[in-house]
Amino acid sequence: YTKYTLVESYRNEEGKPRQRTLMHLGNLDIDKYERKQLAYLLESKLINQTTMYDGTEIDKLATKIYDNYKLNNVIHENKEKEESKKELVTIDLNSVNSKQSRSLGPEILGNAFYERLGIDKILKDLKFNERQLALAKGTIIGRLLNPGSEQETLRWLKNRTSLVEMLDSDISKIGKNALYEISDLLLFNKKNIESELRKTENILFPDELTIFLYDLTNTYFEGSCKNNNKAHRGKSKEKRSTAPLVTLALVVDGQGFPVFSQIYKGNQSEPETLKTVLEKLTEDENASLMNTKSTIAMDRGIATKDNIKLLKEMKYPYIVIERREVEKDYKEEYNDYKNTFIEIKDSKEQSVYLKKEPLESGGTRVLCLSEMRKKKEESMDKKREERFLYDVNKLRTSIKKGNIKQEGKVHIRVGRLKQKHSSIAKYYEIEVIVDEKGKNALDILANKKETREARDVLTGAYVIETSHTNLSAEEAWRMYMLLTHVEKSFKALKTDLGLRPVHHQIASRTEGHLFISVLAYHLLNSIEVTLKNNGSNKKFSTIKNELQTHQRSTITMLSKENEIHEIRLSGIEEENHKEIYSLLKIKNPLKRIYKKMSFNL
């Protein structure tokens, strides 16, 4: 084995010739003449001098060796620096302990995206002071990471999170009223906050689709809420109609970012809310000098004839499923859908059949039939029909046994039966057969109507209507399917962000509570869209759970000199933590804190 070194000749103080090693070259597969060239090139690089050999193969070799030399020097210098930083003391190992362990990983995540969306800057521009900025950050990120009531947020901030160490103001001694006050202040500035967040998200997450998705949901209160004018009983989407409700209307864009939110009474009629939303969107789009209006997508709960007319009057492009059952007008087309419709695959690789139909009044309708939906509806219809016919046969048996005879009473029972099975009874004609005197019932018959056969044909069918005429059937269908983003928003708000139940007995506090959940959803959606853009299908809830094992603690120990050493430090990142931080390009902002205290026995 042969190795080479580059040496420098010099004379020592006594005038005797000596050599010192400048760099180790390792094994070189070059001839004697090239060795001299290499030595000359390395010498030139050391004194930063150009040569006539620049760009040649021997120069490339010299560059590679010189780069390694510089890297090794940096490593050596860093090692020396680290050695000089070391503070060595003799520690009693039995005294080593830890305290104040707090969650860190999810807080790094929430804090990074809070800063990325520039929420602090938005609030500073709105004249929030340092304490209010800290309270807002603690409240919004608290709703993201530990959803619950203000009392629960307070306990979390004081006892379980390292987020307070990332704030510029100490809020460790705050009470519940401070959180109510910041909720009121955020709500007061709602319009400006939503507008500025919209601008930031457009820059960070540009989207070619100019589409807004509009829908409503409601959630329930705990308590009587007698003094809350937003709390009203209505049809609950969570099957909690016995409790007072409040309604949240939400407009999101094509990527799921909230554009506009509004709180309504719990018994608010869905169709009546559209005008307010369109006026707000028009105001924002005029302020941003947009040349074209965004397309409005709505489900059939809001898409009444009057609302479609309103969209046309306000010159908004739209894509909707109309509230009335338009598919009945196209029974003949659906009879032969497999031969005349085009077939595409949805996200679950299930077949969907589409056919584009122009409208004389302008716009387009897309006839749709989902095989998965058809199977599901057929299965549900079959169960409903079985229950209905079972109850019909029970009534027949009672009549034949003589348990119920009078025609009037039988008709009452039939009426109750129709009410109980309203979704399927409308497809049957129930005939009561009476005796010759016309007083007593002898039997009842349930005969299918022709509309039942039409229902069989139209199972799984729906019709999308849009003002766009240049879209293909598939493009229109995929655009409408973006409404799943707003459904995902409501699901995240209710499950991940503690939207339900609402404990507040004052209307303004209710609105503030819901608005903080919407602000937290801005963070959640930013995280999930960033993950998706970086090729990851992980959900926020998944990475939040993974990061919970990354914590921050204070280590205490007693030295030989009877001094207490306290070190507040973050735990070493595990591989799954590193992967998430790298994927989202985020870093831990907290540094090591060291304290030393004398301890006299």
*Decide side chain to side chain contact (heavy atoms under 4.5 Å, CB included) for L519 and R143; before the verdict, give the C-alpha distance in whole Å, the side-chain angles of both, and the deciding distance to 0.1 Å.*
CA-CA 9 Å; L519 290 175; R143 186 64 56 83; over 6 Å; no
*State whether the side chain of E465 and the backbone N or O of E322 hold a donor-acceptor pair below 3.5 Å, judged by distance alone.*
no
*Answer yes or no: is there an ion pair linking K199 with E196, defined by an N-O contact shorter than 4.0 Å?*
yes
_Between the side chains of K538 and E546, is the shortest nitrogen-to-carboxylate-oxygen separation below 4.0 Å, so that they form an ion pair?_
yes
*What are the two closest non-hydrogen atoms of L369 and T459, and how far apart are they?*
CD1-O, 3.9 Å
_Residue pairs involving residues 321-341 (criterion ring pair (Phe, Tyr, Trp, His ring centres under 6.0 Å); sequence neighbours excluded)_ = Y334-F341, Y337-Y353
*asked:* Tell me if a side-chain donor or acceptor on D443 pairs with a main-chain N or O of I433 at a distance below 3.5 Å.
replied: no
*Does any non-hydrogen side-chain atom of I543 lie less than 4.5 Å from one of I527?*
yes
*Could you tell me whether a side-chain N or O of T364 sits under 3.5 Å from a main-chain N or O of H468, the two making a donor and an acceptor?*
yes
*Can you measure from CD1 (I586) to CG (N111) and round to the nearest 0.5 angstrom?*
9.5 Å
*Examine distances only and state if a side-chain atom of N534 and a backbone atom of L583 form a donor-acceptor pair shorter than 3.5 Å.*
yes
*Would you please test F113 and L584 for side chain to side chain contact (heavy atoms under 4.5 Å, CB included) and show each step?*
CA-CA 9 Å; F113 277 86; L584 296 173; 4.1 Å; yes
*Using atom types as modelled and distance alone, determine if a side-chain donor or acceptor of N525 lies under 3.5 Å from a backbone N or O of V529.*
no
*asked:* Could you check whether atom CE of M481 has more than 12 heavy atoms from other residues, nucleotides or ligands sitting under 6.0 Å from it?
replied: yes
*Determine whether F515 and E511 make a side-chain contact, defined as any pair of heavy atoms from C-beta on separated by less than 4.5 Å.*
no
*Are K338 and E371 ion-paired here, with the side-chain N under 4.0 Å from a carboxylate O?*
yes
_Give me the atom names and distance for the closest heavy-atom approach of L274 to M298._
CD1-SD, 3.7 Å
*Compare all side-chain heavy atoms of D299 with those of Y480 and state whether any distance is below 4.5 angstrom.*
yes
_Pairwise distance CD1(I424) to CG(L389) - rounded to 0.5 angstrom_ = 8.0 Å
*Roughly how far, to the nearest 0.5 Å, is CD of E327 from CZ of R365?*
10.5 Å
*State the CG-CD1 distance between L395 and I399, to the nearest 0.5 angstrom.*
4.0 Å
_Do E313 and L310 have side chains that approach each other closer than 4.5 Å (heavy atoms only, starting at C-beta)?_
yes
*Does the pair T530 and F205 meet the rule for a side chain to side chain contact (heavy atoms under 4.5 Å, CB included), with working shown?*
CA-CA 8 Å; T530 303; F205 307 99; 3.4 Å; yes
_With heavy-atom distances below 4.5 Å as the criterion, would you say the side chains of N335 and E332 are in contact?_
yes
*CZ-CZ distance between F212 and F260, expressed to the nearest 0.5 angstrom*: 11.5 Å
*If you take all heavy atoms of L442 and K400, which pair is closest and at what distance?*
O-CG, 4.1 Å
*Do K449 side-chain atoms and E429 backbone N/O form a donor-acceptor pair below 3.5 Å?*
no
*asked:* Show the nearest heavy-atom pair for residues I211 and S294, with the distance to one decimal.
replied: N-CB, 4.4 Å
_Residue pairs passing the ring pair (Phe, Tyr, Trp, His ring centres under 6.0 Å) test where at least one lies in residues 354-407, sequence neighbours excluded_ = F388-H421, F388-Y428
_Nearest heavy atoms of R324 and R300, plus distance in Å_ = O-NH2, 3.6 Å
*Side-chain donor or acceptor of S526 paired with backbone N/O of H522 under 3.5 Å*: yes
_Taking K418's backbone N and O only, do any of them form a donor-acceptor pair with S422's side chain (distance below 3.5 Å, no angle check)?_
no
*Are side-chain heavy atoms of S183 and H513 found at a separation under 4.5 Å?*
no
*Between E357 and L367, does a side chain to side chain contact (heavy atoms under 4.5 Å, CB included) hold up when you go through it step by step?*
CA-CA 7 Å; E357 291 283 338; L367 313 187; 4.0 Å; yes
*In terms of side-chain geometry, is the basic nitrogen of E378 or K374 positioned less than 4.0 Å from the acidic oxygen of its partner?*
yes
With a cut-off of 3.5 Å and sequence neighbours excluded, list every side-chain donor-acceptor pair involving residues 405-417.
| unit_1 | atom_1 | unit_2 | atom_2 | d |
| --- | --- | --- | --- | --- |
| E407 | OE2 | H411 | NE2 | 3.4 |

*Quick check: are there more than 12 heavy atoms from other residues, nucleotides or ligands sitting under 6.0 Å from NZ of K309?*
no
_More than 12 heavy atoms of other groups within 6.0 Å of D336 CG_ = yes
*asked:* With a 4.5 Å cut-off on side-chain heavy atoms, are D329 and V463 touching?
replied: no
*Does N146 use its side chain to pair, donor to acceptor, with the backbone of G142 at less than 3.5 Å?*
no
*asked:* Regarding R384 and D381, does a basic nitrogen lie under 4.0 Å from an acidic carboxylate oxygen?
replied: yes
*Would you confirm whether S379, through its side chain, and K375, through its main-chain N or O, come within 3.5 Å as a donor-acceptor pair?*
no
*Heavy atoms only: give me the nearest I193-L186 pair and the separation to one decimal.*
CD1-O, 3.7 Å
*In Å, rounded to the nearest 0.5 Å, how long is the span from CD of E528 to CD of Q255?*
12.5 Å
*pair D346-W477: side-chain heavy atoms closer than 4.5 Å*: yes
*Should we count NZ of K312 as having more than 12 external heavy atoms under 6.0 Å?*
yes
*State whether a side-chain donor-acceptor pair under 3.5 Å links Q350 with S370.*
no
_Working note: T340 + E333, criterion side-chain hydrogen bond (donor to acceptor under 3.5 Å, both in side chains); need CA distance, chi angles, decisive distance, verdict._
CA-CA 8 Å; T340 58; E333 283 82 352; over 6 Å; no
